[in-house]
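Counting begins at 1 with the first residue of the sequence. Just follow the structure's listing: the first ligand is 1, and inside any ligand the first atom is 1. Note: hydrogens, waters and symmetry copies are ignored here, and every other heavy atom, side chains too, is used.
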Amino acid sequence: MSAYVQELKGTAQAMVAKGKGILAMDESNGTCNKRFEKLGIPATQEYRQAYRQLILTTPGLSEYISGPILYDETIRQNTQEGVPFLKVIADAGMIPGIKVDTGAKDLAGHAGEKVTEGLDGLRDRIAEYYQMGARFAKWRAVITIGSTIPSRACIEANAHALARYAALCQEGGLVPIVEPEVLIDGDHTLEHCWHVTDAALHEVFNQLHTQNVAYDQMILKPSMVIPGKACAQQASVGAVAEATISCLLKNVPASVAGIAFLSGGQSMEQSSAHLSAMNSLFGSQCPWPVTFSYARAIQQPALDHWAGDASRVDEAQKRLLTRAQYNSAASVGEYSSDMEKAMAIA
Ligand code: 13P
(Lines give C-alpha, C1' and ligand atoms only; values in the text may rest on other atoms or scores of the structure.)
Protein backbone atom coordinates (compact mmCIF):
# COMPACT_ATOMS: atom_id res chain seq x y z
CA MET A 1 0.00 0.00 0.00
CA SER A 2 1.27 3.47 -0.82
CA ALA A 3 2.70 5.53 2.04
CA TYR A 4 0.64 8.39 0.63
CA VAL A 5 -2.83 6.81 0.89
CA GLN A 6 -4.55 9.56 2.86
CA GLU A 7 -2.92 12.31 0.84
CA LEU A 8 -3.82 10.60 -2.45
CA LYS A 9 -7.46 10.18 -1.40
CA GLY A 10 -7.66 13.83 -0.37
CA THR A 11 -6.05 15.06 -3.57
CA ALA A 12 -8.30 12.91 -5.76
CA GLN A 13 -11.42 14.18 -4.01
CA ALA A 14 -10.27 17.80 -4.27
CA MET A 15 -9.63 17.40 -8.01
CA VAL A 16 -13.31 16.61 -8.58
CA ALA A 17 -14.84 18.74 -5.82
CA LYS A 18 -18.39 19.91 -6.54
CA GLY A 19 -18.52 22.54 -9.28
CA LYS A 20 -14.87 22.11 -10.19
CA GLY A 21 -12.98 20.50 -13.03
CA ILE A 22 -9.44 20.20 -14.28
CA LEU A 23 -7.83 22.49 -16.85
CA ALA A 24 -5.63 20.58 -19.29
CA MET A 25 -2.82 22.88 -20.47
CA ASP A 26 -0.20 20.19 -20.91
CA GLU A 27 0.18 20.34 -24.67
CA SER A 28 3.66 19.20 -25.62
CA ASN A 29 5.81 21.88 -27.27
CA GLY A 30 5.04 20.29 -30.64
CA THR A 31 1.25 20.42 -30.15
CA CYS A 32 1.36 23.90 -28.62
CA ASN A 33 3.46 25.17 -31.54
CA LYS A 34 1.03 23.69 -34.06
CA ARG A 35 -1.86 25.54 -32.39
CA PHE A 36 0.20 28.75 -32.34
CA GLU A 37 1.19 28.43 -36.01
CA LYS A 38 -2.47 28.27 -37.06
CA LEU A 39 -2.91 31.74 -35.53
CA GLY A 40 0.42 33.18 -36.69
CA ILE A 41 1.86 33.15 -33.15
CA PRO A 42 5.65 32.60 -33.11
CA ALA A 43 6.40 29.01 -32.00
CA THR A 44 8.96 29.99 -29.37
CA GLN A 45 9.56 29.30 -25.71
CA GLU A 46 8.89 33.00 -25.00
CA TYR A 47 5.39 32.88 -26.49
CA ARG A 48 4.57 29.54 -24.84
CA GLN A 49 5.57 31.10 -21.49
CA ALA A 50 3.43 34.19 -22.16
CA TYR A 51 0.43 32.06 -23.07
CA ARG A 52 0.75 29.81 -20.03
CA GLN A 53 1.15 32.90 -17.82
CA LEU A 54 -2.06 34.31 -19.33
CA ILE A 55 -3.92 31.14 -18.38
CA LEU A 56 -2.50 30.67 -14.88
CA THR A 57 -2.92 34.30 -13.79
CA THR A 58 -6.57 34.50 -14.87
CA PRO A 59 -8.36 36.18 -11.95
CA GLY A 60 -10.95 33.90 -10.35
CA LEU A 61 -9.86 30.74 -12.18
CA SER A 62 -9.74 28.66 -8.99
CA GLU A 63 -13.47 29.15 -8.46
CA TYR A 64 -14.07 26.66 -11.29
CA ILE A 65 -10.75 24.84 -11.71
CA SER A 66 -9.30 22.50 -9.08
CA GLY A 67 -5.97 22.27 -10.83
CA PRO A 68 -4.13 22.68 -14.12
CA ILE A 69 -2.23 19.89 -15.88
CA LEU A 70 1.18 21.24 -16.84
CA TYR A 71 3.86 20.16 -19.30
CA ASP A 72 7.48 19.63 -18.25
CA GLU A 73 8.57 22.96 -19.76
CA THR A 74 5.75 24.85 -17.99
CA ILE A 75 6.22 23.38 -14.52
CA ARG A 76 9.74 24.83 -14.49
CA GLN A 77 8.74 28.32 -15.69
CA ASN A 78 8.14 31.62 -13.89
CA THR A 79 5.94 34.60 -14.65
CA GLN A 80 7.62 37.51 -16.44
CA GLU A 81 7.89 39.08 -12.95
CA GLY A 82 9.88 36.04 -11.74
CA VAL A 83 7.23 34.22 -9.69
CA PRO A 84 7.34 30.43 -10.24
CA PHE A 85 4.18 29.17 -11.94
CA LEU A 86 3.95 26.57 -9.17
CA LYS A 87 3.66 29.39 -6.62
CA VAL A 88 1.00 31.16 -8.69
CA ILE A 89 -1.00 27.92 -8.71
CA ALA A 90 -0.55 27.26 -4.97
CA ASP A 91 -1.37 30.88 -4.06
CA ALA A 92 -4.64 30.57 -6.01
CA GLY A 93 -5.51 27.43 -4.02
CA MET A 94 -5.20 25.12 -7.01
CA ILE A 95 -3.38 21.77 -7.23
CA PRO A 96 -0.65 21.38 -9.86
CA GLY A 97 -0.60 18.32 -12.11
CA ILE A 98 1.90 17.13 -14.69
CA LYS A 99 1.77 15.15 -17.94
CA VAL A 100 4.26 12.30 -17.58
CA ASP A 101 3.81 10.27 -20.76
CA THR A 102 6.19 10.96 -23.62
CA GLY A 103 3.66 10.67 -26.40
CA ALA A 104 1.73 8.18 -28.51
CA LYS A 105 4.02 6.39 -30.98
CA ASP A 106 3.29 3.95 -33.81
CA LEU A 107 2.50 0.48 -32.48
CA ALA A 108 4.88 -1.95 -34.15
CA GLY A 109 3.18 -4.45 -36.40
CA HIS A 110 -0.15 -2.60 -36.30
CA ALA A 111 -0.60 -0.02 -39.02
CA GLY A 112 -2.63 3.01 -37.98
CA GLU A 113 -2.45 2.29 -34.25
CA LYS A 114 -0.53 3.93 -31.40
CA VAL A 115 0.93 2.98 -28.06
CA THR A 116 1.90 5.57 -25.47
CA GLU A 117 5.48 5.63 -24.24
CA GLY A 118 7.12 6.96 -21.08
CA LEU A 119 7.51 4.14 -18.53
CA ASP A 120 11.33 4.07 -18.60
CA GLY A 121 12.68 6.24 -15.79
CA LEU A 122 9.16 7.17 -14.71
CA ARG A 123 9.71 6.40 -11.00
CA ASP A 124 12.52 9.00 -10.87
CA ARG A 125 10.56 11.60 -12.82
CA ILE A 126 7.57 11.16 -10.50
CA ALA A 127 9.84 11.65 -7.48
CA GLU A 128 11.20 14.88 -8.98
CA TYR A 129 7.74 16.23 -9.81
CA TYR A 130 6.41 15.35 -6.35
CA GLN A 131 9.35 17.11 -4.76
CA MET A 132 8.65 20.19 -6.94
CA GLY A 133 5.02 20.25 -5.68
CA ALA A 134 2.99 18.35 -8.27
CA ARG A 135 0.24 16.21 -6.74
CA PHE A 136 -1.32 14.50 -9.73
CA ALA A 137 -0.26 13.23 -13.15
CA LYS A 138 -1.68 12.41 -16.55
CA TRP A 139 -1.01 9.70 -19.13
CA ARG A 140 -2.98 9.66 -22.38
CA ALA A 141 -3.51 6.51 -24.41
CA VAL A 142 -4.96 6.82 -27.92
CA ILE A 143 -7.34 4.34 -29.51
CA THR A 144 -8.34 4.84 -33.13
CA ILE A 145 -11.53 3.43 -34.61
CA GLY A 146 -11.43 2.05 -38.15
CA SER A 147 -13.07 -0.80 -40.02
CA THR A 148 -10.60 -3.35 -38.59
CA ILE A 149 -9.17 -1.46 -35.61
CA PRO A 150 -8.63 -1.17 -32.70
CA SER A 151 -6.83 -4.49 -32.40
CA ARG A 152 -6.59 -6.44 -29.15
CA ALA A 153 -2.87 -5.68 -29.29
CA CYS A 154 -3.54 -1.94 -29.20
CA ILE A 155 -6.10 -2.12 -26.40
CA GLU A 156 -4.00 -4.45 -24.24
CA ALA A 157 -0.68 -2.65 -24.74
CA ASN A 158 -2.21 0.73 -23.89
CA ALA A 159 -4.15 -0.57 -20.91
CA HIS A 160 -1.05 -2.29 -19.55
CA ALA A 161 1.01 0.90 -19.84
CA LEU A 162 -1.75 2.96 -18.19
CA ALA A 163 -1.88 0.54 -15.26
CA ARG A 164 1.90 0.46 -14.75
CA TYR A 165 1.96 4.27 -14.90
CA ALA A 166 -0.91 4.52 -12.40
CA ALA A 167 0.76 2.14 -9.94
CA LEU A 168 4.03 4.11 -10.11
CA CYS A 169 2.16 7.38 -9.55
CA GLN A 170 0.42 6.08 -6.42
CA GLU A 171 3.70 4.69 -5.08
CA GLY A 172 5.25 8.16 -5.49
CA GLY A 173 2.37 10.28 -4.14
CA LEU A 174 0.77 11.49 -7.39
CA VAL A 175 -2.90 10.83 -8.18
CA PRO A 176 -2.96 9.25 -11.65
CA ILE A 177 -5.34 10.56 -14.27
CA VAL A 178 -5.92 7.47 -16.40
CA GLU A 179 -6.84 8.63 -19.91
CA PRO A 180 -7.85 6.10 -22.56
CA GLU A 181 -8.99 8.36 -25.42
CA VAL A 182 -11.10 6.78 -28.14
CA LEU A 183 -10.65 9.25 -30.98
CA ILE A 184 -13.59 11.10 -32.53
CA ASP A 185 -11.97 10.93 -36.00
CA GLY A 186 -13.72 8.69 -38.50
CA ASP A 187 -17.20 7.87 -39.77
CA HIS A 188 -18.11 5.31 -37.10
CA THR A 189 -21.53 5.30 -35.48
CA LEU A 190 -22.46 5.98 -31.85
CA GLU A 191 -22.98 2.22 -31.35
CA HIS A 192 -19.56 1.42 -32.79
CA CYS A 193 -17.97 3.97 -30.44
CA TRP A 194 -19.87 2.43 -27.52
CA HIS A 195 -18.47 -1.05 -28.24
CA VAL A 196 -14.90 0.19 -28.64
CA THR A 197 -15.12 2.30 -25.47
CA ASP A 198 -16.64 -0.68 -23.63
CA ALA A 199 -13.74 -2.94 -24.70
CA ALA A 200 -11.14 -0.31 -23.85
CA LEU A 201 -12.53 0.52 -20.39
CA HIS A 202 -12.98 -3.16 -19.57
CA GLU A 203 -9.33 -3.89 -20.34
CA VAL A 204 -8.11 -0.73 -18.57
CA PHE A 205 -9.81 -1.78 -15.32
CA ASN A 206 -8.65 -5.37 -15.75
CA GLN A 207 -5.05 -4.13 -15.97
CA LEU A 208 -5.48 -1.57 -13.16
CA HIS A 209 -6.75 -4.37 -10.95
CA THR A 210 -3.84 -6.64 -11.89
CA GLN A 211 -1.34 -3.88 -11.03
CA ASN A 212 -3.00 -3.20 -7.63
CA VAL A 213 -4.04 0.34 -8.42
CA ALA A 214 -6.30 1.85 -5.74
CA TYR A 215 -9.44 3.12 -7.46
CA ASP A 216 -10.27 5.66 -4.77
CA GLN A 217 -6.92 7.32 -5.44
CA MET A 218 -7.25 7.79 -9.21
CA ILE A 219 -9.28 9.79 -11.70
CA LEU A 220 -10.55 8.32 -14.97
CA LYS A 221 -10.39 10.67 -17.97
CA PRO A 222 -12.49 9.04 -20.68
CA SER A 223 -13.73 10.24 -24.03
CA MET A 224 -17.48 10.50 -24.52
CA VAL A 225 -19.39 7.89 -26.50
CA ILE A 226 -20.18 9.87 -29.62
CA PRO A 227 -20.44 9.26 -33.39
CA GLY A 228 -17.29 9.91 -35.42
CA LYS A 229 -16.95 13.44 -36.81
CA ALA A 230 -17.54 12.14 -40.34
CA CYS A 231 -20.52 9.92 -39.45
CA ALA A 232 -23.61 10.87 -41.46
CA GLN A 233 -25.85 10.20 -38.49
CA GLN A 234 -24.94 12.52 -35.63
CA ALA A 235 -26.57 11.97 -32.23
CA SER A 236 -28.66 14.14 -29.93
CA VAL A 237 -27.21 15.52 -26.71
CA GLY A 238 -29.36 13.13 -24.71
CA ALA A 239 -28.27 10.10 -26.76
CA VAL A 240 -24.58 10.89 -26.23
CA ALA A 241 -25.17 11.39 -22.51
CA GLU A 242 -27.10 8.13 -22.18
CA ALA A 243 -24.61 6.05 -24.21
CA THR A 244 -21.65 7.47 -22.32
CA ILE A 245 -23.11 6.96 -18.86
CA SER A 246 -24.29 3.42 -19.66
CA CYS A 247 -20.79 2.49 -20.84
CA LEU A 248 -19.21 3.99 -17.72
CA LEU A 249 -21.70 2.32 -15.36
CA LYS A 250 -20.92 -1.03 -16.98
CA ASN A 251 -17.16 -0.71 -16.62
CA VAL A 252 -16.06 1.76 -13.94
CA PRO A 253 -15.98 0.57 -10.32
CA ALA A 254 -18.02 2.71 -7.92
CA SER A 255 -14.94 3.39 -5.79
CA VAL A 256 -13.16 5.37 -8.55
CA ALA A 257 -12.69 8.87 -7.11
CA GLY A 258 -14.00 10.70 -10.14
CA ILE A 259 -14.60 10.92 -13.87
CA ALA A 260 -13.19 13.95 -15.72
CA PHE A 261 -13.86 13.95 -19.46
CA LEU A 262 -11.62 15.17 -22.24
CA SER A 263 -13.28 17.28 -24.96
CA GLY A 264 -11.54 15.46 -27.81
CA GLY A 265 -12.27 17.88 -30.63
CA GLN A 266 -15.98 18.37 -29.91
CA SER A 267 -17.15 21.98 -30.19
CA MET A 268 -17.10 24.01 -27.01
CA GLU A 269 -20.90 24.08 -26.88
CA GLN A 270 -21.17 20.31 -27.38
CA SER A 271 -18.58 19.62 -24.70
CA SER A 272 -20.55 21.68 -22.18
CA ALA A 273 -23.98 20.42 -23.26
CA HIS A 274 -23.00 16.74 -23.13
CA LEU A 275 -21.42 17.05 -19.69
CA SER A 276 -24.41 18.96 -18.37
CA ALA A 277 -26.88 16.38 -19.73
CA MET A 278 -24.95 13.54 -18.13
CA ASN A 279 -25.28 15.24 -14.78
CA SER A 280 -28.83 16.52 -15.09
CA LEU A 281 -30.28 13.30 -16.58
CA PHE A 282 -28.14 10.60 -14.97
CA GLY A 283 -26.28 12.23 -12.08
CA SER A 284 -28.39 10.45 -9.48
CA GLN A 285 -27.36 7.05 -10.92
CA CYS A 286 -23.64 7.81 -10.90
CA PRO A 287 -21.53 6.71 -7.93
CA TRP A 288 -18.68 9.09 -8.90
CA PRO A 289 -18.52 12.86 -9.57
CA VAL A 290 -18.66 13.50 -13.35
CA THR A 291 -16.77 16.60 -14.43
CA PHE A 292 -14.37 17.95 -17.06
CA SER A 293 -10.67 17.94 -17.80
CA TYR A 294 -10.81 19.95 -21.02
CA ALA A 295 -8.05 21.60 -22.97
CA ARG A 296 -9.43 22.90 -26.28
CA ALA A 297 -13.01 23.33 -25.00
CA ILE A 298 -11.77 25.77 -22.36
CA GLN A 299 -8.76 27.38 -23.97
CA GLN A 300 -9.77 27.97 -27.59
CA PRO A 301 -11.57 31.34 -27.33
CA ALA A 302 -8.77 32.72 -25.16
CA LEU A 303 -6.05 31.53 -27.53
CA ASP A 304 -7.93 32.83 -30.59
CA HIS A 305 -8.43 36.25 -29.02
CA TRP A 306 -4.90 36.61 -27.60
CA ALA A 307 -3.15 35.45 -30.77
CA GLY A 308 0.18 36.53 -29.28
CA ASP A 309 -0.84 40.18 -28.64
CA ALA A 310 0.07 41.36 -25.11
CA SER A 311 -2.59 44.09 -25.22
CA ARG A 312 -5.30 41.41 -25.46
CA VAL A 313 -4.43 39.44 -22.33
CA ASP A 314 -7.23 40.83 -20.12
CA GLU A 315 -9.99 40.07 -22.60
CA ALA A 316 -8.52 36.65 -23.40
CA GLN A 317 -8.53 35.84 -19.68
CA LYS A 318 -12.21 36.83 -19.46
CA ARG A 319 -12.99 34.40 -22.29
CA LEU A 320 -11.06 31.62 -20.58
CA LEU A 321 -12.88 32.24 -17.33
CA THR A 322 -16.25 32.24 -19.07
CA ARG A 323 -15.63 28.75 -20.54
CA ALA A 324 -14.41 27.50 -17.17
CA GLN A 325 -17.58 28.88 -15.58
CA TYR A 326 -19.86 27.26 -18.20
CA ASN A 327 -18.18 23.90 -17.70
CA SER A 328 -18.42 24.26 -13.95
CA ALA A 329 -22.17 24.78 -14.44
CA ALA A 330 -22.20 21.68 -16.68
CA SER A 331 -20.50 19.63 -13.98
CA VAL A 332 -23.56 20.17 -11.78
CA GLY A 333 -26.05 19.79 -14.67
CA GLU A 334 -26.84 23.51 -14.90
CA TYR A 335 -25.36 24.58 -18.23
CA SER A 336 -27.77 25.90 -20.84
CA SER A 337 -26.99 26.94 -24.40
CA ASP A 338 -28.57 30.33 -23.57
CA MET A 339 -25.42 31.06 -21.61
CA GLU A 340 -23.52 31.17 -24.92
CA LYS A 341 -25.22 34.43 -25.79
CA ALA A 342 -23.05 36.21 -23.23
CA MET A 343 -19.99 34.88 -25.04
CA ALA A 344 -21.39 35.86 -28.44
CA ILE A 345 -22.01 39.45 -27.31
CA ALA A 346 -18.55 39.83 -25.76
P1 13P B 1 -9.02 18.11 -25.12
O2 13P B 1 -10.04 18.53 -24.11
O3 13P B 1 -8.58 19.22 -26.05
O4 13P B 1 -9.37 16.83 -25.82
O5 13P B 1 -7.71 17.78 -24.31
C6 13P B 1 -7.78 17.05 -23.15
C7 13P B 1 -6.51 16.39 -22.95
O8 13P B 1 -5.87 16.59 -21.95
C9 13P B 1 -6.04 15.45 -23.97
O10 13P B 1 -5.01 14.65 -23.46
What do you reckon, does [X] have a nitrogen or oxygen under 3.5 Å from a nitrogen or oxygen of ligand 1?
{"X": "G264", "answer": "yes"}
{"X": "K138", "answer": "yes"}
{"X": "R296", "answer": "yes"}
{"X": "E181", "answer": "no"}
{"X": "A297", "answer": "no"}
{"X": "S263", "answer": "yes"}

Considering the heavy atoms of [X], write down every atom of ligand 1 situated less than 4.0 Å from one of them.
{"X": "S293", "result": "6 (C)"}
{"X": "E179", "result": "7 (C), 9 (C), 10 (O)"}
{"X": "A24", "result": "8 (O)"}
{"X": "Y294", "result": "2 (O)"}

Taking S331 for its side chain and S328 for its backbone only, find out whether a donor-acceptor pair lies under 3.5 Å.
yes
T291 side chain vs A260 backbone, donor-acceptor pair below 3.5 Å
no
Between L220 and L248, is any pair of side-chain heavy atoms under 4.5 Å apart?
yes
Looking at I65, L61, L303, which hits side-chain contact (heavy atoms from CB on, under 4.5 Å) with L320?
L61
Residue from L8, L208, I177 passing side-chain contact (heavy atoms from CB on, under 4.5 Å) with M218
L208
Got the closest protein heavy atom to atom 5 (O) of ligand 1, with its distance?
A295 CB, 3.3 Å
May I ask whether K221 places a heavy atom under 4.0 Å from ligand 1?
yes
Exactly one of W306, Y51, Y294 clears side-chain hydrogen bond (donor to acceptor under 3.5 Å, both in side chains) with Q299, and that residue is Y51
Please work out whether any backbone atom (N, CA, C, O) or any side-chain heavy atom from C-beta onward of S271 is under 4.0 Å from ligand 1, and answer side chain, backbone, both or neither.
neither
Looking at Y130, I'd like to know if the NZ or CZ of R135 sits under 6.0 Å from its six-membered ring centre while staying within 45 degrees of the ring's axis.
yes
Does a side chain donor of either S271 or R296 reach within less than 3.5 Å of an acceptor in the other side chain?
no
Heavy atoms only: give me the nearest A302-A316 pair and the separation to one decimal.
CB-O, 3.3 Å
